Enquirer: 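Take this structure, written in structure tokens, and hold onto it; I'll ask about it next.
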There are 2 protein chains.
Amino acid sequence: MATSAAATRSASGTVATSAATSTAAARLRVAVPSVADRVADELRLQLAEGVLLPGARLTESTIAEDLGVSRNTVREAFAELASERLVVRHPNRGVFVASLEPGDIHDVYTVRRVIEVSAIRGGGSPGAVAAVRAAVEEGKVAAAANDDEGLGTANQHFHGAIVALAGSRRLNTIMSQVLAEMRLFFHKATMDANFYSGYLKDNEEICEALEAGELEKAAELLLAYLDRSEEKQAEVHGE
Amino acid sequence: MATSAAATRSASGTVATSAATSTAAARLRVAVPSVADRVADELRLQLAEGVLLPGARLTESTIAEDLGVSRNTVREAFAELASERLVVRHPNRGVFVASLEPGDIHDVYTVRRVIEVSAIRGGGSPGAVAAVRAAVEEGKVAAAANDDEGLGTANQHFHGAIVALAGSRRLNTIMSQVLAEMRLFFHKATMDANFYSGYLKDNEEICEALEAGELEKAAELLLAYLDRSEEKQAEVHGE
DNA sequence: ATCGAAGGATTGTTGAACAATCGCTAAATT
DNA sequence: AATTTAGCGATTGTTCAACAATCCTTCGAT
């Protein structure tokens with residue numbers, strides 16, 4: 001697995017670009033993610049894939065060793081993940097993979113209802129609507145291929161696209177954080193093979209209403225969908 | 001100086017600590033904020049008070065020295081503030097107090113429209129409505145005392161209370177972050193003495209509609225208010 | 001004046017160290 | 001025996017010192 005083989009690539013980088021004029025290099029620099037960011041990315045990945053399950057403890061020294069970075073860097077990565085609610089810090093005890101209590105499930109869906117429904121009510125540019133459509137088609141393809149994993153991500157793309165209708169950078173990042181948070185406990189739910197299957201038609205309907213400019217109808221459909229989804233989640237989880 | 005002073009309010013079940021001793025003490029321990037958190041608090045304070053103005057650079061070593069902490073700790077505090085968008089990290093260049101471009105202003109108001117309007121549309125418990133009313137009264141008092149500063153915070157309390165109607169922990173923290181972000185550049189706007197004065201009546205009206213259960217009317221009033229507010233902000237700021 | 005090459009400063013990251021704190025186990029008390 | 005106490009080991013919180021990488025500026029060369 002992955003092994004972030006980070007480590008020492010020291011002198012190589014600059015040599016080739018020496019003649020390439022420093023200003024140009026600086027201008028098209030594509031923000032090489034810091035080590036802390038890459039550690040956070042790796043952990044986010046493991047979180048999303050279910051390698052790290054809710055409640056699991058993340059020991060600084062262990063992770064530092066595994067990824068070949070220093071404890072301090074791991075610490076910065078933890079801060080990042082904690083700000084996204086993916087992990088929880090228990091002072092002096094360590095950080096743990098966040099686990100959502102029943103109350104949190106409702107809370108998350110409240111956020112989704114507020115943001116998604118508002119976004120769809122506002123309509124959106126043709127390009128943004130097209131993105132929603134694209135997510136629907138992505139879901140169909142995944143369904144045809146019996147790819148549950150792909151179906152799940154397509155669904156997330158769908159809802160991400162809906163929020164994107166509002167064209168707000170901040171709303172987009174909020175939504176992506178909420179979705180990441182949900183991925184944390186989707187593994188249990190995904191057990192049920194046709195968990196998403198029903199959603200496919202919902203998404204199609206919502207998308208059609210949106211394309212037809214029937215925003216109020218789309219909003220109602222979406223709201224109903226979210227209510228049902230929350231109920232299912234609450235069902236799968238304890239009470 | 002300064003003072004994190006936050007939080008030793010463990011008032012609730014403090015009852016008898018006599019026999020309970022260690023275990024009880026451990027149970028109701030009120031999480032002494034870590035040094036990094038206190039540094040973040042201090043910086044947040046200076047940010048809100050305008051001591052640190054948008055665009056200003058925050059040098060790690062300087063702050064570490066000023067506050068008597070290590071560079072690493074400052075770094076953790078920066079991560080916290082960056083996640084709240086109060087500062088921006090320019091890789092290898094340092095962190096700077098966030099400055100909102102015209103586009104950001106619109107973005108922030110988009111978030112506010114989505115969240116606040118949805119929240120008020122949903123109504124809220126009597127207690128939550130009472131909190132809105134309390135914020136209105138707080139504003140009146142401040143206005144009577146000619147306390148511009150107080151008027152500003154009362155206004156923020158008002159909008160925070162509106163979001164609180166939804167009863168969602170996550171929405172509350174999102175909103176408080178947005179408000180903190182706005183405080184960053186309110187200083188320029190606050191110049192205008194009667195900048196908030198007009199809002200007072202708006203808030204009163206909105207609150208009355210809310211109390212009367214006329215949610216749709218309240219939502220419309222709030223929306224109109226936000227639109228006007230954004231316009232004013234865009235005016236004060238470049239372009 | 002433009003361009004490119006040192007120089008200095010600051011960030012990014014590491015490694016080691018130590019105090020504070022937590023959880024657990026074993027001893028001591030009743 | 002049960003419960004409290006004390007002690008121990010492990011982990012976190014924080015500091016310090018170092019170094020490479022990178023940026024900004026100044027200086028010098030063309």
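Reminder, nothing fancy here: chain letters follow the sequence lines and each chain counts from 1. Keep in mind that this is a model prediction, so the values were computed, not measured.
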Enquirer: Could you tell me which residues satisfy salt bridge (Lys or Arg N to Asp or Glu O under 4.0 Å) with A:Arg44, sequence neighbours excluded, listed by chain and number?
Expert: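 For A:Arg44, the residues satisfying salt bridge (Lys or Arg N to Asp or Glu O under 4.0 Å) (neighbours in sequence not counted) are A:Asp41, A:Glu80, A:Glu84.
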Enquirer: Partners of B:Thr153 by side-chain hydrogen bond (donor to acceptor under 3.5 Å, both in side chains), sequence neighbours excluded?
Expert: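 Residues passing side-chain hydrogen bond (donor to acceptor under 3.5 Å, both in side chains) with B:Thr153: none at all.
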Enquirer: Report the residues that fulfil ring pair (Phe, Tyr, Trp, His ring centres under 6.0 Å) with B:Phe158, sequence neighbours left out, ordered by chain and then residue number.
Expert: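 Partners of B:Phe158 under the ring pair (Phe, Tyr, Trp, His ring centres under 6.0 Å) test: none.
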Enquirer: Residues two or more places apart in sequence or in another chain: which of them pass salt bridge (Lys or Arg N to Asp or Glu O under 4.0 Å) with A:Arg169?
Expert: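 So A:Arg169 forms a salt bridge (Lys or Arg N to Asp or Glu O under 4.0 Å) with B:Asp104.
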Enquirer: Is it the case that atom CD in A:Glu137 sees more than 12 heavy atoms from other parts of the structure closer than 6.0 Å?
Expert: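 Above 12, so yes.
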Enquirer: What residues form a side-chain hydrogen bond (donor to acceptor under 3.5 Å, both in side chains) with A:Asn172, not counting sequence neighbours?
Expert: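 Partners of A:Asn172 under the side-chain hydrogen bond (donor to acceptor under 3.5 Å, both in side chains) test: none.
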Enquirer: Going by side-chain hydrogen bond (donor to acceptor under 3.5 Å, both in side chains), name the residues that satisfy it together with A:Asp227, two or more places apart in sequence or in a different chain.
Expert: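 For A:Asp227 the side-chain hydrogen bond (donor to acceptor under 3.5 Å, both in side chains) partners, ignoring immediate neighbours, are A:Arg113.
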Enquirer: side-chain hydrogen bond (donor to acceptor under 3.5 Å, both in side chains): which pairs involve residues 64-73 of chain B, sequence neighbours left out?
Expert: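 Sorted result for residues 64-73 of chain B: B:Glu60-B:Arg71.
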Enquirer: Please list, chain by chain and in numerical order, all residues satisfying side-chain hydrogen bond (donor to acceptor under 3.5 Å, both in side chains) with A:Ser168, sequence neighbours excluded.
Expert: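 A:Ser168: side-chain hydrogen bond (donor to acceptor under 3.5 Å, both in side chains) contacts with B:Asp107.
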Enquirer: For nucleotides 7-10 of chain C, list the nitrogen or oxygen atoms of the protein found under 3.5 Å from its nitrogen or oxygen atoms, one pair per line.
Expert:
| residue | atom | partner | partner atom | Å |
| --- | --- | --- | --- | --- |
| C:dT10 | O3' | B:Arg57 | NH2 | 3.3 |

Enquirer: Hey, can you pull the residues of residues 65-77 of chain B with a non-hydrogen atom under 4.0 angstrom from DNA chain C?
Expert: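 Here the set is B:Arg71, B:Asn72, B:Arg75.
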Enquirer: Under the ring pair (Phe, Tyr, Trp, His ring centres under 6.0 Å) rule, collect the residues that match up with B:Phe78, sequence neighbours excluded.
Expert: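 For B:Phe78 there are no ring pair (Phe, Tyr, Trp, His ring centres under 6.0 Å) partners, ignoring immediate neighbours.
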Enquirer: Estimate the overall bend of the helix from C:dA1-D:dT30 to C:dT30-D:dA1 from the end axes over five pairs each, rounded to 10 degrees.
Expert: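 Taking the rotation axis at each end, their angle is 10°.
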Enquirer: A:Arg89 has an atom CZ; how far is it from atom P of D:dT12, in whole Å?
Expert: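 Computing the A:Arg89:CZ to D:dT12:P distance gives 10 Å.
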